[in-house]
Amino acid sequence: MSITDITELISKDARHVPLGLLDKEYGSIIEVLGRVPTDVELAMYSVMWSEHCSYKSSRIHLRRLPTKADHVLVGPGENAGVIDAGDGVAVALRIESHNHPSFIEPYQGAATGVGGILRDIFTMGARPIALMDPLFVGPLEDAQSRYLLDGIVRGVGGYGNSVGVPTVGGQITFDRCYERNPLVNVFCLGVLPIDRLVLGQASGVGNLCVLLGSRTGRDGIGGVSVLASAGFREDEGGAKRPSVQVGDPYEEKRLIEACLELLDAKLVVGIQDLGGAGLACATSETAARGGVGMDVDVLAVPRREPGMSAVEVMTSESQERMLAIITPSSLDQVLEVCRRWEIEATVIATVTGADESGVGHLRILDGPDGPVLADVPARSLADEAPLYDRPMLEPANLDERRDTGPANALVSSDYSEDLKSMLVDPAWIYRQYDHQLFVNTIFGPGDADATLLRLAGPGISHTRKGLAMSSDANAAWCAVDPRRGTRATVAESALNVSATGATPMALVNCLNFGNPEHPQVMWELSETVDGMAEACSALSIPVVGGNVSLYNESAGRDIDPTPTVAVVGLIDSVVRRPPSIGWIARDRIILLGERSANVGGSRWARDVHGVRTGQIDEVDLAKHKVLCEFVAQLVREEAGAEVAPGLVHGIHTVGDGGLGVALAEMSVASGVGCEIDEIVDHRELFSESVSRAVIATGRADELISRARSMGIAAIAVGVAQGDRMRVSQLVDIGLDELSSRFHDRIERALGEIASH
Amino acid sequence: MNFDVSVLVRGVEGIADPEGRTIERALGVLGFPGASAVRVGKIINFSLAADDLASARSEVVEMCDRLLANPVIERYDITINTAPAS
Amino acid sequence: MSVNIAIIRFPGSNCEFDIEEAIGKLGANAHIVWHQEHDLSGFDGVIIPGGFAHGDYLRCGAIARFSPVMDAVTRLARSGGPVLGICNGFQVLTEAGLLPGALMRNAGLRFVCETVEVEVTSNHSPLTSQVALGTRLRLPVNHGEGNFTCDEATLAEIESGGQVVLRYVDNPNGSLNDIAGISNREGNVVGLMPHPERAFDLVVGSDDGVPLLASFVRFVEEHVASHVAVGRA
């Protein structure tokens, strides 16, 4: 067909438009097929070529991230990244967003977000042992944001608790940019014996594809193309409700157990979860990865409701389903395992060979020998989506927005009140999550700068090794300088993991951005990727997976760029609980890292004064790496020895909220106040310059000299004592008040305890 | 014969119903101060094939006693209608 | 002699591996037993672990009580065998009628996962027979429906019969009389909402669960010994 023919066809035929495909994308489909697509083909292209599935706007940038290291077993592109943790044990990790569904229906949106990420992990052969949930919602003063927070938290807990995977960490950010577009990021980590590692790939002509789990219904049809790949217009939440999926954690629990049993028994050649784009995605991706074709009998797919069309069956996003590729001879055993776990299992497809030109065809048949409803190269769906190098534009007023002058000129009349207003205890959230299952949780949410687990799980016997993880994001740092902000975010996450004694081993990211058709958003994305690449390279942390969520906009306003990172680290020996947030009376309080009096980009400037201009200090990544290693070494000495050296009693990194919030949290955690005489400038109290940590010690001289010998700045700023937090002439707060303002913030806002 | 069965399961009299109380408070805040004695229950609907209404009823009573309700905290009401011929 | 303890696994159980490890550390043989099994012969005691047995749909534990293994558990309990239900296992035992009362939704209407303090208030159970009255223990709780309730007559009976074995110091779920754990009248079946197996190592924050589970294992051993003695007499 000639170009003019295609153009004419498209102009007459607008059926691709409601599916979210552009004219030129429709043209490409016609070109690939050499004919007009059938309805089933068009529907499959529309979901597979959606932004959500194809990363068509971001792929060109993501290539710049460093992904290699000796211990990386599986990098980006598979369902999850996998690293070697030694002793025959591997760790699988991934992070994803479920932002748009959570705005439409917060409970189910968050719940199915958890379900989806779990499947990404156990599809690799790993048993999920930990979830973390970084959440971003509008201010607590906003009624809709409170409603969303409540629903999202109930959804994460409702699914995670019931499915039997502990939620061991996360973060909560309140900012007006998320008011009509909350972000729900979910991280999951699993452990596996290395020899159970399996890939989502089909192979072996004549092998069978078995659909496991829930029946297919009409839920979530077009979710990826219509919902996650376009922004919300005003009051559109209600109208989009039909694409909401409903999660069933009990089904997922049985699915996890059945799949792990199938993998342990070596009954599976390849396995893939069904998520966005449903069967269209699972069949085309597994076939494309294996370089084979597949004949799918769409009539064989068990359905939840009558009258479903082939298009609906192929694109449904019904939850709790997996596609296993098996040899025909193992079918009986597979069905037996599934029967035991009460999991429905149905053969729906057969692996076919590639054609003479090496192309594997995905064919959709209406019955085993029925009419062919679709016949497309599998690769064209999975790997050959359009790739866009979208226009980028640096904002015009950058210099003005980056100017730290206005923020640093701010003064308050009551710094004690400022500090109190910045305290938020996330305990209200994590108390609703099982964070202790598997009895691995050494540091759960709220205990330390990072979560610390014993590296173990059902089937993986306990060792002395520990697994640390921290999820971090700070959109305010990234809003005016995404590159610098992202470098700082990665640096902070690495330091958090180091503060539990662990060495950072891998990073996964979830890039939450606005509308990629806005050139400024593409500039933000590109700068973010560069910042992440620089920080990861400098700190030797490979990126093993990621997720991009675009079109986070409401009423035409993009969210601030919000790159969430999760860093995972390992520590060789944890025989005692390492020091964490807190101190003991009479400790000297040491600040490691450079002093700073820059409050640009800080929460104090933003939340207390409404000043959103100005940027944080640049991180010296080479120095930061030394700091991370030093801090990890100090903590390892305490954690790994039967008799601890006792040099470090407490540790807390300085980040969001600055030194002031860090000191307040240490006071509250230990029930011992502090007297800080070295900090006299309020800007030093609230500066969010990263690459700094507070250490409490009884042997200040030894600690300071060890730090300085590594080239790390270290000064004593005060003493832990009494029942008040005092900072020179700036702050004076009784511990009781400090504690109640910290602990009760969310409950008071939600009206669950009386307002004061 | 086919019957449409509806079982309404509610808390026994006098037992605490925090969910009902919470809804009652919320209704008050929304401007419905007249709403009181809010109780939350659940409805279980199903079709049942049985010889006649009497045997259908006795079967449903047994279902309720054994599974659908917990007599320590719940009581139940049964509604049975003859299903329209399909 | 090492006793054999069955840990019942329903499709939605999730604490079975944790309790298996804890019991193993105490020197007993822990075996995970699938809920479709009919036979528990060869086992000296039973533990029903926490989790969400059948997704906790309908009511927590309501469907689990009809699993084939529950007939065997009931027979073992009726013959004086030691039975322990933790969290969801406690819910299953009340639904099965092996323990009095019921567990309702938490008064705060929210799931609660935190470490709380409980006090041992009776020795009349396998779990507490070896623990001094008044002992305070820090144990994790993790449930949405742990709010124990029963009618007044039952409450009077379990209070006077020494069947309230653990009480919350600071009640997290609104349970009647701060009840955290109870036993049956005979004192061989016990259920509690807190998770002793989660407090088994100071590295994870507390090892206060050790005395309770050690007491359970000791009770099983004594039960076996007394039966062997009776058998020989």
Side-chain angles (χ1 to χ4, degrees), chain A residues 127 150 153-154 156-158 160-167 248-254 256-258 340-343 427-447 452-454 456-462 464 466 574-578 639 747 752, chain C residues 9-22 24-25 32 34-37 49-58 60 63 67 87-88 106 108-116 139-145 172-173 194-207 209:
Chain A
R127 175 177 282 278
D150 181 46
V153 169
R154 285 182 192 275
V156 170
N161 298 343
S162 180
V163 79
V165 180
T167 302
D248 180 353
Y250 179 53
E251 179 79 27
E252 178 111 328
K253 162 72 179 169
R254 288 166 12 249
I256 293 175
E257 300 300 339
R340 208 167 90 86
W341 284 103
E342 299 169 41
I343 288 291
W428 177 86
I429 298 172
Y430 63 73
R431 262 205 314 267
Q432 300 183 56
Y433 303 152
D434 183 347
H435 50 266
Q436 302 167 323
L437 184 65
F438 304 133
V439 203
N440 287 333
T441 312
I442 301 168
F443 289 147
D447 289 335
L452 183 63
L453 304 182
R454 298 196 286 182
I460 305 283
S461 40
H462 286 293
R464 288 186 158 186
V574 187
V575 296
R576 307 172 61 259
R577 245 169 122 74
E747 275 115 313
E752 293 188 1
Chain C
R9 185 184 201 192
F10 297 100
S13 301
N14 61 33
C15 300
E16 67 270 37
F17 303 112
D18 300 347
I19 190 79
E20 180 190 29
E21 187 183 336
K25 279 185 187 165
I32 292 180
W34 186 237
H35 73 122
Q36 297 287 2
E37 298 293 331
F52 289 72
H54 289 80
D56 280 359
Y57 294 144
L58 190 62
C60 307
I63 299 171
S67 285
C87 196
N88 193 227
N106 293 348
L109 298 179
R110 292 192 184 277
F111 192 93
V112 176
C113 179
E114 62 187 357
T115 297
V116 301
L139 299 176
V141 291
N142 182 65
H143 57 252
E145 306 190 21
N173 55 32
H195 287 267
E197 81 283 7
R198 290 187 178 193
F200 232 69
D201 191 335
L202 282 176
V203 164
V204 295
S206 167
D207 58 3

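Owing to the predicted nature of the structure, the values given are computational and were not obtained by experimental measurement.
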In terms of heavy-atom proximity below 4.5 Å to chain A, should [X] be classed as side chain, backbone, both, or neither?
{"X": "Phe200(C)", "answer": "neither"}
{"X": "Asn88(C)", "answer": "neither"}
{"X": "Phe17(C)", "answer": "side chain"}
{"X": "Asp56(C)", "answer": "neither"}
{"X": "Glu20(C)", "answer": "neither"}

Let me know if [X] has heavy atoms under 4.5 Å from chain C in its side chain, its backbone, both or neither.
{"X": "Arg431(A)", "result": "both"}
{"X": "Glu342(A)", "result": "side chain"}
{"X": "Val575(A)", "result": "backbone"}

With a 4.5 Å cut-off on heavy-atom pairs, point out which of [options] contacts chain C the most.
{"options": "Leu453(A), Leu437(A), Asp248(A)", "value": "Leu437(A)"}
{"options": "Gln432(A), Lys253(A), Arg340(A)", "value": "Gln432(A)"}
{"options": "Pro458(A), Ser461(A), Gly164(A)", "value": "Pro458(A)"}

Is any side-chain N of the basic residue among Arg110(C) and Asp150(A) closer than 4.0 Å to the acidic one's carboxylate O?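 Answer for the salt bridge query: yes.
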Applying side chain to side chain contact (heavy atoms under 4.5 Å, CB included) to Val204(C) and Gln436(A), what does each step give before you reach the verdict? CA-CA 9 Å; Val204(C) 295; Gln436(A) 302 167 323; over 6 Å; no
Should Arg198(C) and Asp434(A) be marked as a side chain to side chain contact (heavy atoms under 4.5 Å, CB included) after you check the CA-CA gap, both sets of side-chain angles, and the distance that decides it? CA-CA 12 Å; Arg198(C) 290 187 178 193; Asp434(A) 183 347; 2.9 Å; yes
Hey, what do you get for CZ (Phe111(C)) to OG (Ser162(A)), rounding to the nearest 0.5 Å?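 If I round to the nearest 0.5 Å, the distance is 9.0 Å.
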Spacing of Asn440(A) atom CG and Asp18(C) atom CG [to the nearest 0.5 Å]: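 It is 7.5 Å, given to the nearest 0.5 Å.
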So, the side chain of Arg577(A) versus the backbone of Val203(C): is there a donor-acceptor pair under 3.5 Å, distance only?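 Between the backbone of Val203(C) and the side chain of Arg577(A) there is a qualifying donor-acceptor contact (under 3.5 Å).
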Quick check for you: among Glu114(C), His143(C), His195(C), His54(C), which has the greatest number of heavy-atom pairs under 4.5 Å with chain A?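 Among Glu114(C), His143(C), His195(C), His54(C), the one with the most close pairs to chain A is His54(C).
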Shortest non-hydrogen contact from Tyr433(A) to Cys113(C)?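 Looking at all heavy atoms of both residues, the shortest contact is O-CB, 3.1 Å.
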